[in-house]
Asks: 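Here it is, the structure in full.
Proteins get letters first, then strands, A, B, ... in listed order; numbering begins at 1 in each.
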Number of protein chains: 2
Amino acid sequence: MTEPKTPDAAATTGPVKKHSRAGKSSATIYDIAKVAGVNPSTVSRALSKPGRVSAKTQKLIEDAAAELNYQVNPFARALPTGRTNTFGLIVADITNPTFFDIIRGAETTATQRDYTLVLAESAESGVTELTAARRMMATVDGLILASPRMDDDDIRTIARDKPVVVINREVDGVPCVVPDVNKGISEAVRSLAANGHHKVAFVAGPPQSWMSARRWEGVQAACEWSRLEAVRLESTKPTVDGGRQVARDVRASGATAVLTYNDLLAIGLMQELQAAGMVIPDQISIVGFDDIFGADFTTPPLTTVRSPLGECGAGAATLLLDLLHGDLLNRDLLHGAGEPAVTLRVETELVLRGSSGRLLPVG
Amino acid sequence: MTEPKTPDAAATTGPVKKHSRAGKSSATIYDIAKVAGVNPSTVSRALSKPGRVSAKTQKLIEDAAAELNYQVNPFARALPTGRTNTFGLIVADITNPTFFDIIRGAETTATQRDYTLVLAESAESGVTELTAARRMMATVDGLILASPRMDDDDIRTIARDKPVVVINREVDGVPCVVPDVNKGISEAVRSLAANGHHKVAFVAGPPQSWMSARRWEGVQAACEWSRLEAVRLESTKPTVDGGRQVARDVRASGATAVLTYNDLLAIGLMQELQAAGMVIPDQISIVGFDDIFGADFTTPPLTTVRSPLGECGAGAATLLLDLLHGDLLNRDLLHGAGEPAVTLRVETELVLRGSSGRLLPVG
DNA sequence: CAATTATTGGCAACCGGTTGACAAATGCGC
DNA sequence: GCGCATTTGTCAACCGGTTGCCAATAATTG
């Protein structure tokens, strides 16, 4: 091999320049130490522990770091400490707009607190979810499960290894964020009763959905209170398509008002009923759940029991981050009596739009 | 403090049991080596390089690994190699449904190929985007930028450090995935012309949006071809709200048909016009772009130029992963003439729904 | 059966920070 | 000026894999 002749010839001599590891030129704490004239470990402390080094050394090091455009290597830090400044969010279905707001709320909070969000989905399957969770475990500091489909024991097992916060479900011993459905449901049912309805159908969601069960309970309770008859119908899947499919059962049920497990079902149901010539709300009232994006685009716009989903996402993230930071009390609770660690309850409310109302006398 | 009496009180004796680093009990290759009776480095090779060790040693090691429920520590692997099996996706706005399908497509592909998706948003800001990108650089193998708002040079700078794929924009020297707007637009404009329209307004998107510029060009060209007049209107932001705000300008423009930069604008515009008593499409035709979730919920359902967004997300992910794997030719191209590395073009098409049609004689 | 070559396994250095233990330097009161 | 308590800095081991290099072993060949 010959000597390179021109200064820049070095670039062409070796193999094509590979992408460097981390951004720019990746200075290390050793480079900083050299520039600042101190020991690498002093640099490490100056950059992580506050007040561990003298003010002037601190300044010296910070200046050197700034000059070298230093950025910590997250892996090098994660290896000995296990901390990654990252948390995972697993949702049941990315295509379901319900989760958009949750994702958004969690992402915003994460970014604000200098964490990174890692996203995965379970495709509405308990086993996929468990797999995803296990995969994530290795790389995140904590996990948020939105509407988990695995069973309580699996969740608790996961929670034993890493802090976990659950959204839309209550699991003993695990911090949860759940909308309290009662207020919104009772408002909805009272509104229906006031409009002269007597028989209400509830279209249920996935069998493993904790929230679907709560909503059905709420509907039953509210109907009993208002002296309405409540019947339960099953859906194949909690989507627009599932809503279309359940239309036949809805009509057969004889109910004049329907509450569906979520807005997607409501929208599909409404489309199918309208296609069959029914007028909403004159012939049948429809009420959804969640108030997702697009719920007000329909004609008539959808009446729905709103859950503050963005708040749920943000709340869960905040809870998790607080847990991670101040490694507080509830860790003991968890290994103790087994009672719910923390449960953050958020309010639901009825959003009255055009899809529900007074029944018109049959023409 | 009294002595614990019961066996399970051990939990309260020492410090509260910390969460372990990685899932379960985190066996290491050293544990495997011990069980299998070989050297740790042999384990490493057996688990990463195929065919580097004998078949029986391989089996021995794999059995031991399975028995110990071994999972690699991603940080330990990333530290020396720089590989993380992770890539980042930065979107302009998480709340914008346009990106939902892109995220979904990318996520699905990532999971399939055993990669993890990390999500961030730029809040429609070039500087936020650059910051997010820099932060990610350290932890991902590559980056997908969906509708980037930063300028070409910044993108190329990023792309010099790590493989980057851009969606909804063409950047010299960087692999891109772009919908080819021409087919869809010409279909749309021809449809409008056939319905007797003469003047078409285009409501533009963000000034930094490459795609908005392409769409405007496309609209101009198609209108010229069909001998229609085209005017351009500006929007404040590419959201439903922005659509409402632009309604005044639309009416003032005298156009009888409107194409908007995206569906969100179209929906907001339609809402506002209808609120003012206009009948769509009798008095004005509205055509959006993208065919997002909910575009068919409106009344009338929205006519729109569909971009296969899920395909874009999946395509970008595939492109990136291929790039990462077979570290092929275009790396040279990049340092060479500076021509676009690869550009994946996807087709657009008109989805004709109810919001566009024939103009009725003014009553 | 010995010599040569192809495989396979082992050693050790390294990736880039973190942290406990300890020594040096500083400040303090007496 | 001396002893003691603090503060500040240094050393070295460690986190858990990866990989170049060399030796040992196995397979191949004459």
Side-chain angles (χ1 to χ4, degrees), chain A residues 15 18-62 64-65 68-85 137-139 141, chain B residues 15 18-62 64-65 68-85 137-139 141:
Chain A
K18 286 296 192 42
H19 286 290
S20 57
R21 293 265 164 68
K24 304 303 286 183
S25 44
S26 67
T28 72
I29 56 169
Y30 299 95
D31 300 328
I32 296 179
K34 209 169 294 175
V35 170
V38 297
N39 189 286
S41 53
T42 306
V43 176
S44 173
R45 279 194 252 270
L47 264 29
S48 39
K49 307 269 198 302
R52 182 65 177 71
V53 301
S54 72
K56 61 171 178 291
T57 308
Q58 180 82 28
K59 172 112 178 51
L60 210 60
I61 290 173
E62 275 169 3
L68 267 52
N69 191 265
Y70 170 79
Q71 283 183 238
V72 293
N73 179 326
F75 308 117
R77 172 170 288 177
L79 190 47
T81 64
R83 275 178 291 108
T84 65
N85 265 47
M137 293 296 289
T139 53
D141 291 343
Chain B
K18 285 300 192 40
H19 287 289
S20 58
R21 292 267 164 66
K24 304 304 284 183
S25 44
S26 68
T28 72
I29 56 170
Y30 300 95
D31 300 328
I32 297 180
K34 209 170 294 175
V35 171
V38 298
N39 189 287
S41 56
T42 305
V43 177
S44 173
R45 278 193 257 270
L47 263 29
S48 38
K49 308 270 196 301
R52 182 63 178 72
V53 301
S54 70
K56 61 171 176 292
T57 309
Q58 181 82 28
K59 173 116 178 45
L60 209 59
I61 289 172
E62 274 169 5
L68 267 51
N69 191 265
Y70 170 79
Q71 282 183 237
V72 294
N73 178 326
F75 308 118
R77 172 171 287 176
L79 191 48
T81 62
R83 275 178 290 106
T84 66
N85 263 47
M137 294 295 289
T139 52
D141 290 345

Asks: What integer distance in Å separates Ile29(B):CD1 from dT19(D):C1'?
Replies: 11 Å
Asks: Considering only side-chain heavy atoms of Leu79(B), which listed nucleotide, dT10(D), dT19(D), dG16(D), is closest?
Replies: dG16(D)
Asks: Can you measure Ile32(A) atom CD1 to dT10(D) atom C1' for me and round it to whole angstrom units?
Replies: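 About 17 Å, once rounded to whole Å.
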Asks: Do Arg45(B) and dG17(D) have a side chain to base donor-acceptor pair shorter than 3.5 Å?
Replies: no
Asks: Nearest whole Å is fine: how far is dG16(D) P from Tyr70(B) OH?
Replies: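 Checked: the OH to P distance equals 10 Å.
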Asks: Check every strand shown and say whether Lys56(A) touches a base, only sugar-phosphate, or nothing at a heavy-atom separation below 4.0 Å.
Replies: nothing
Asks: Heavy atoms from C-beta onward define the side chain here; which of dC15(D), dT18(D), dT8(D) lies closest to that of Pro80(A)?
Replies: dC15(D)
Asks: Taking all atoms of both residues into account, what is the closest heavy-atom pair of Ala36(A) and Leu60(A), and its distance?
Replies: O-CD2, 3.4 Å
Asks: Quick one: NZ on Lys59(B) to CD on Glu62(B), what's the gap to the nearest 0.5 Å?
Replies: 8.0 Å
Asks: Side-chain contact test, heavy atoms from C-beta onward, threshold under 4.5 Å: evaluate it for Ser44(A) versus Ser48(A) and give yes or no.
Replies: yes
Asks: Quick check for you: among dG9(D), dT19(D), dG16(C), whose closest atom lies nearest to any side-chain atom of Ala76(A)?
Replies: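 Output: dG16(C).
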Asks: NZ of Lys59(B) versus C1' of dT8(C): gap in Å, rounded?
Replies: 19 Å
Asks: So, is Arg77(B) close to the dG16(D) phosphate, meaning a side-chain N or O under 4.0 Å from OP1 or OP2?
Replies: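 No.
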Asks: Kindly give the heavy-atom pair with the smallest separation between Thr84(A) and Thr139(A), and that separation in Å.
Replies: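 Scanning both residues, the minimum pair turns out to be OG1-O, 3.3 Å.
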Asks: To the nearest 0.5 Å, what is the distance between CZ on Phe75(B) and CG on Leu79(A)?
Replies: 9.0 Å
Asks: Indicate whether OP1 or OP2 belonging to dT7(C) is found under 4.0 Å from a side-chain N or O atom of Ser54(B).
Replies: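 Checking Ser54(B) against dT7(C): no side-chain N or O falls below 4.0 Å of OP1 or OP2.
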Asks: Output the rounded distance in Å from NZ (Lys34(B)) to P (dG10(C)).
Replies: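 Going from NZ in Lys34(B) over to P in dG10(C) covers 15 Å.
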Asks: To the nearest Å, how far apart are Asn39(A) CG and dT7(D) P?
Replies: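 Taking atom P of dT7(D) as the reference, CG of Asn39(A) is at 21 Å.
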Asks: Which nucleotide in the list dG16(C), dG16(D), dT19(C) gets nearest to the side chain of Asn73(A)?
Replies: dG16(C)
Asks: Is Thr57(B) close enough to dG9(C) that one of its side-chain N or O atoms is under 4.0 Å from OP1 or OP2 there?
Replies: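 For Thr57(B), the contact criterion (side-chain N or O under 4.0 Å from OP1 or OP2 of dG9(C)) is met.
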Asks: Let me check the geometry of the helix from dC1(C)-dG30(D) to dC30(C)-dG1(D). What is the bend angle between the axes at its two ends, five pairs each, to 10°?
Replies: 30°
Asks: What integer distance in Å separates Phe75(A):CZ from dC14(D):P?
Replies: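 After rounding, the reported distance stands at 24 Å.
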Asks: Students often get this wrong, so: under 4.0 angstrom with heavy atoms, is Thr42(A) touching a base, only sugar-phosphate, or nothing?
Replies: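 Result for Thr42(A) = base.
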Asks: Rounded to the nearest 0.5 Å, what separates atom CD1 in Ile29(B) from atom CG in Leu47(B)?
Replies: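 Reported value, rounded in 0.5 Å steps: 8.5 Å.
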Asks: Hey, does Val38(B) reach any base, or is it just sugar-phosphate, or nothing, if we go heavy atoms under 4.0 Å?
Replies: sugar-phosphate
Asks: Given dT18(D), is OP1 or OP2 found less than 4.0 Å from the side-chain N or O atoms of Lys49(B)?
Replies: no
Asks: Report which part of the nucleic acid Thr28(A) touches: base, sugar-phosphate, or nothing (heavy-atom distance under 4.0 Å, all strands).
Replies: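 Sugar-phosphate: the residue Thr28(A), judged by heavy atoms under 4.0 Å, touches backbone atoms but no base.
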Asks: Between NZ of Lys56(A) and CD1 of Ile61(A), what distance do you get to the nearest 0.5 Å?
Replies: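 It is 12.0 Å, given to the nearest 0.5 Å.
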Asks: Any base atoms under 4.0 Å from Ser41(A), or only sugar-phosphate, or nothing? Heavy atoms, all strands.
Replies: base
Asks: Checking all strands, does Tyr30(A) fall into the base, sugar-phosphate, or nothing category for heavy-atom contacts under 4.0 angstrom?
Replies: base
Asks: Can you tell me how far OG1 of Thr28(A) sits from CG of Asn73(A), rounded to the nearest 0.5 angstrom?
Replies: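 Going from the CG atom of Asn73(A) to the OG1 atom of Thr28(A) covers 10.0 Å.
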Asks: To the nearest angstrom, how far is Gln71(B) atom CD from dG17(D) atom C1'?
Replies: 15 Å
